[in-house]
Amino acid sequence: MNLPPQDDFFAAPDAPVAAVDATGLLKNLNPEQYAAVTAPAEPCLILAGAGSGKTRVLTTRIAWLMQTGQVTPAGVMAVTFTNKASKEMLTRLTAMLPVNVRGMWIGTFHGLCNRFLRAHWKLAGLPQGFQILDSADTVSAIKRVIRAMKLDEERFVPKQVGWFIAGAKEDAKRPGDIEPIDEQTKTLIAIYQAYEDQCQREGVVDFAELMLRSYELMKGNLAIREHYQRRFQHLLVDEFQDTNKLQYAWLKMFAPPGRGQGVIAVGDDDQSIYAFRGARVGNMADFEREYRVKKVIKLEQNYRSFSNILDSANELISRNSKRLGKTLRTDAGPGEPVRVYEAASDFAEAQWLIEEAQALHRQGVDRKEIAVLYRSNAQSRVIESALFNAGIPYRVYGGLRFFERAEVKHALSYLRLLENANDDTSFLRVVNFPTRGIGARAIELLQDAARVSGRSLYQSVGAVTGKAGSNLQAFTQLIDSTRNLTQGLTLREIIEQILEISGLSEFYRNDKDGADRLENLGELINAAEAFVTQEGFGKDAVALPVDELAPGAISDGFPVAVAPANFTPDAETGEIMSPLAAFLTHASLEAGDNQAQAGQDAVQLMTVHSSKGLEFDAVFITGLEEGLFPHENSASDADGLEEERRLMYVAITRARQRLYLCFSQTRMLHGQTRYNVKSRFFDELPESALKWLTPPRQAFGSGFAKEYQSAWERGSGLKSMVGAGRVNHDKAAWAEPAVPAAMKKKEDAEHGGLKVGKGVFHTKFGEGVLLTLEGSGADARAQVNFGRHGMKWLALSVAKLTPIDA
DNA sequence: AATGCGATACTTTTT
DNA sequence: GTATCGCATT
């Protein structure tokens with residue numbers, strides 16, 4: 001079995017292996033980076049610290065390999081987790097080396113799986129035009145299964161069943177491979193089986209299925225396996241600490257240990273923050289062992305932050321026990337201290353940080369270079385409203401992405417039905433949207449008919465009689481006629497047609513709040529247009545002849561052919577997709593931007609998780625309180641706490657010049673005020689790198705304003721960043737602890753100097769916050785939040801509680 | 001078929 | 001506090 005004649009399609013690398021670095025690729029690399037870039041073609045583990053030039057190393061490595069003739073573009077596979085990362089890699093690579101990007105396997109795990117399955121759809125047991133379910137689609141598909149099985153949705157919550165199924169798939173387990181240990185599991189397995197049947201019937205796959213199908217095909221087919229193992233001489237995996245069990249197993253199919261390929265795993269165990277979704281940091285150690293890695297390269301030189309910031313990160317993460325071991329260093333000097341601020345309330349915290357941010361902005365820091373990080377999304381509300389009231393532009397990461405918007409999903413569902421009418425998920429989404437007289441009853445009848453015959457809803461429409469039946473038939477006719485009508489049209493025209501014919505555009509035109517949605521539909525057309533251009537589905541594009549492949553060669557999606565606008569996919573090889581099918585795939589695999597008002601100079605708000613991989617001049621880490629960060633759900637077990645610490649490590653290392661840590665005495669959470677203790681992480685940071693803007697462990701008093709003012713002036717050391725600034729403080733915002741009226745009464749209660757809402761000290765539990773005082777005399781009891789020691793009820797006649805802060 | 005009400009939960013998230 | 005969801009009413 002031979003490789004396809006690659007050289008016809010790609011310029012052969014011209015430089016001999018021994019060529020000197022003519023284009024200066026290796027210039028300005030530090031010794032470790034240099035070692036990583038020029039490492040021999042064998043397994044290699046790179047421990048890449050935050051800000052150590054990891055992406056540069058990866059891309060330079062690929063460029064170097066090609067420039068020195070060690071590999072052709074077709075021989076490289078580079079895997080990332082996010083589309084953003086793979087795009088970044090491609091952009092940087094093409095900037096270094098003029099290379100035909102099309103033949104390279106650079107992409108996300110799921111993107112590459114998709115590519116693989118498109119080429120081998122038949123062997124993988126999939127229909128040629130299979131479509132991909134996003135997580136919302138997956139949950140609703142599971143919900144349909146549970147309903148069809150007449151199971152209790154309270155007991156089998158679709159979302160949780162989804163986790164079960166995804167978890168099983170990530171363990172490479174099919175329904176038959178799972179031990180039916182109890183009744184519950186037995187039913188879950190039955191749901192899994194029914195869901196799988198349903199997906200197969202509808203010709204759809206979920207994200208986990210993309211991985212598992214590819215893995216199974218590789219595992220079960222020697223010819224395919226050998227072909228790809230021979231083809232890819234060099235594999236590079238980014239963010240290796242985030243890989244799950246299946247992804248690692250998948251990788252081993254493409255490059256098994258001992259096969260002699262160059263496999264480079266790049267990761268940072270200290271930045272592993274996705275254990276909750278199946279990531280196994282342990283894969284790094286397993287890789288080192290299983291691939292007999294001779295030398296682990298550590299990238300510890302940091303090019304991002306000053307040493308006060310780095311020292312804080314290092315000191316904090318040194319408390320973790322399970323580490324591969326790595327310490328970041330910098331030549332940048334100490335820089336400014338890490339500033340710590342204690343606020344009376346979440347409101348005051350927000351108020352303070354926007355004033356600080358404004359001061360930074362006045363001193364010339366771009367707003368987009370200021371990030372506000374928080375542990376959980378709920379925390380963004382207060383900050384957002386403070387920013388809004390102050391009229392400061394801001395941008396919140398997270399939330400709905402473009403392709404997840406309802407109107408966009410509706411449009412995509414119509415488009416999917418054009419491709420594959422048996423896609424029941426899409427069918428159900430739009431069969432009665434806009435409404436066309438097909439109610440719940442009609443759908444129920446249709447679903448029964450489909451179930452009995454084992455066919456799709458679309459195929460079962462004829463089985464429903466009466467008015468409901470004719471309405472259903474009108475719908476399928478609408479789909480059929482549009483499919484005929486749009487033959488040979490460009491993607492843009494197809495979308496324009498379906499938006500009108502379906503009545504979607506009409507619906508939103510008549511809806512008084514439909515303007516935004518209409519605009520998004522227009523945006524969808526733009527996205528399609530951009531996609532067509534980018535992918536080269538242009539008018540002049542030519543489908544490369546597939547039959548030119550060497551006889552008996554495995555068609556592996558290489559060469560990737562470019563299809564003209566109205567190209568019909570080849571039924572035999574399947575490696576050429578219609579622009580519509582390709583666009584639908586693109587839409588499922590890449591949910592699009594989730595940031596509002598991109599491009600504007602706005603303060604950046606995001607969770608710590610979504611800040612990973614980003615960097616900013618100034619970073620605020622907010623809500624550093626026990627129970628919040630570290631989060632109470634994670635702090636109980638050692639592994640959970642270590643992950644929280646890594647999360648904090650990630651947060652700290654986002655900052656280039658200025659880092660602020662802040663916390664609040666009180667916070668509104670789940671509709672009630674909580675009294676919090678400062679995060680234990682403060683005890684794990686080097687005292688010398690910190691500057692407390694508020695005196696530690698001291699109550700807010702009248703002398704405080706002055707104290708803070710001078711702290712600000714003293715702290716403005718870096719002239720390049722911030723000169724001597726004067727902050728205009730709204731006293732009311734912080735001078736008074738913001739205790740809600742309802743709490744006021746309680747606060748008046750007093751027992752030997754103890755006050756509700758104030759700090760107390762216990763010899764065993766340490767510092768805490770007094771929440772409630774009840775009873776009197778010998779019965780007097782107090783509820784105290786001791787943070788890491790939890791919430792305690794104490795009998796005052798026994799417990800020694802002393803007030804702190806007086 | 002659309003609106004409304006009460007019950008419920010609520011860490012982190014990419015593909 | 002608020003967003004989402006299922007169910008019931010109009």
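Values below: every heavy atom of this structure, side chains too, minus hydrogens, waters and symmetry copies. Protein chains get the first letters and strands the later ones, always in sequence-line order, with residue 1 at the start of each.
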>> Go nucleotide by nucleotide along DNA chain B from the 5' end; which of A:Ala440 and A:Phe276 gets its closest nucleotide reached first?
In response: A:Ala440
>> Could you tell me how far apart A:Leu605 (CG) and B:dT12 (P) are, to the nearest whole angstrom?
In response: 14 Å
> Mapping A:Ser135 and A:Ala378 to their closest nucleotides on DNA chain B, which lands nearer the 5' end?
Replying inline: A:Ala378
>> Measuring only the P atom in each nucleotide, how far is B:dT12 from C:dC5? A whole number of Å is fine.
In response: 16 Å
> Counting only heavy atoms not in A:Phe388, do more than 12 fall under 6.0 Å of its CZ?
Replying inline: no
>> With a 4.0 Å cut-off on N to O distance, would you call A:Lys219 and A:Glu216 a salt bridge?
In response: no
> How long is the line joining CZ of A:Phe433 and C1' of B:dA1, in whole Å?
Replying inline: 13 Å
>> Between C:dG6 and B:dT11, how far apart are the two C1' atoms, rounded to whole Å?
In response: 25 Å
>> From OH of A:Tyr374 over to P of B:dT12, roughly how many Å is that when rounded to an integer?
In response: 10 Å
>> Applying side chain to side chain contact (heavy atoms under 4.5 Å, CB included), can you list everything that pairs with A:Ala124, at least two apart in sequence or on another chain?
In response: A:Leu117, A:Leu126, A:Leu217
> Checking all strands, does A:Ser634 fall into the base, sugar-phosphate, or nothing category for heavy-atom contacts under 4.0 angstrom?
Replying inline: base
> What interatomic distance, in whole Å, is found between P of B:dT13 and the corresponding atom of C:dT4?
Replying inline: 15 Å
>> Please determine whether a side-chain nitrogen or oxygen atom of A:Asn377 lies at a distance below 4.0 Å from atom OP1 or OP2 of B:dT12.
In response: yes
> Rounded to whole angstrom units, what separation is found between the CD atom of A:Gln379 and the P atom of B:dT12?
Replying inline: 9 Å
>> If the cut-off is 4.0 Å, is A:Ser376 near the phosphate of B:dC10, judged by side-chain N/O to OP1 or OP2?
In response: no
> Applying salt bridge (charged side-chain N to carboxylate O under 4.0 Å, His left out), which residue pairs with at least one partner in residues 237-253 of chain A are found, sequence neighbours left out?
Replying inline: A:Lys54-A:Asp238, A:Lys54-A:Glu239, A:Asp171-A:Lys245, A:Glu239-A:Lys612, A:Asp242-A:Lys612, A:Lys252-A:Glu290
>> Could you work out, with side chain to side chain contact (heavy atoms under 4.5 Å, CB included) as the rule, every residue matching A:Ala172, not counting sequence neighbours?
In response: A:Leu212, A:Tyr215, A:Leu246
> When every nucleotide of nucleotides 1-10 of chain C is labelled 5' to 3' by its protein contacts under 4.0 Å (heavy atoms), B for base, S for sugar-phosphate only, - for none, what sequence of letters results?
Replying inline: BS---S----
> In terms of side-chain heavy atoms of A:Asn432, which of B:dT15, B:dT11, B:dA1 is nearest?
Replying inline: B:dA1
>> Measure OH/A:Tyr649 against P/B:dT12 and give the value in whole Å, please.
In response: 24 Å
> Out of B:dT15, B:dT13, B:dA1, which nucleotide sits closest to the side chain of A:Tyr274?
Replying inline: B:dT13
> In whole angstrom, what separates A:Leu647's CG from B:dT11's C1'?
Replying inline: 9 Å
> Once you round it to whole Å, what is the distance between P of B:dT14 and CD of A:Gln241?
Replying inline: 15 Å
> Below 4.0 angstrom from OP1 or OP2 of B:dT15, is there any side-chain N or O of A:Asn83?
Replying inline: yes
> Taking only side-chain nitrogens and oxygens of A:Arg401, does any of them come within less than 4.0 Å of OP1 or OP2 of B:dT13?
Replying inline: no
> Picking from B:dA1, B:dT11, B:dT15, which would you name as closest to the side chain of A:His631?
Replying inline: B:dT11
> Which residues satisfy the side chain to side chain contact (heavy atoms under 4.5 Å, CB included) test with A:Ile438, sequence neighbours excluded?
Replying inline: A:Val431, A:Asn432, A:Arg436, A:Ala442, A:Ile443, A:Asn471, A:Leu472, A:Phe475
>> What is the distance, to the nearest angstrom, from the CD atom on A:Glu209 to the P atom on B:dT14?
In response: 22 Å
>> Would you call the rings of A:Phe433 and A:Tyr508 parallel, tilted or perpendicular, taking 30° and 60° as the class edges?
In response: tilted
> Sequence neighbours excluded, which residues qualify as side chain to side chain contact (heavy atoms under 4.5 Å, CB included) partners of A:Asn389?
Replying inline: none
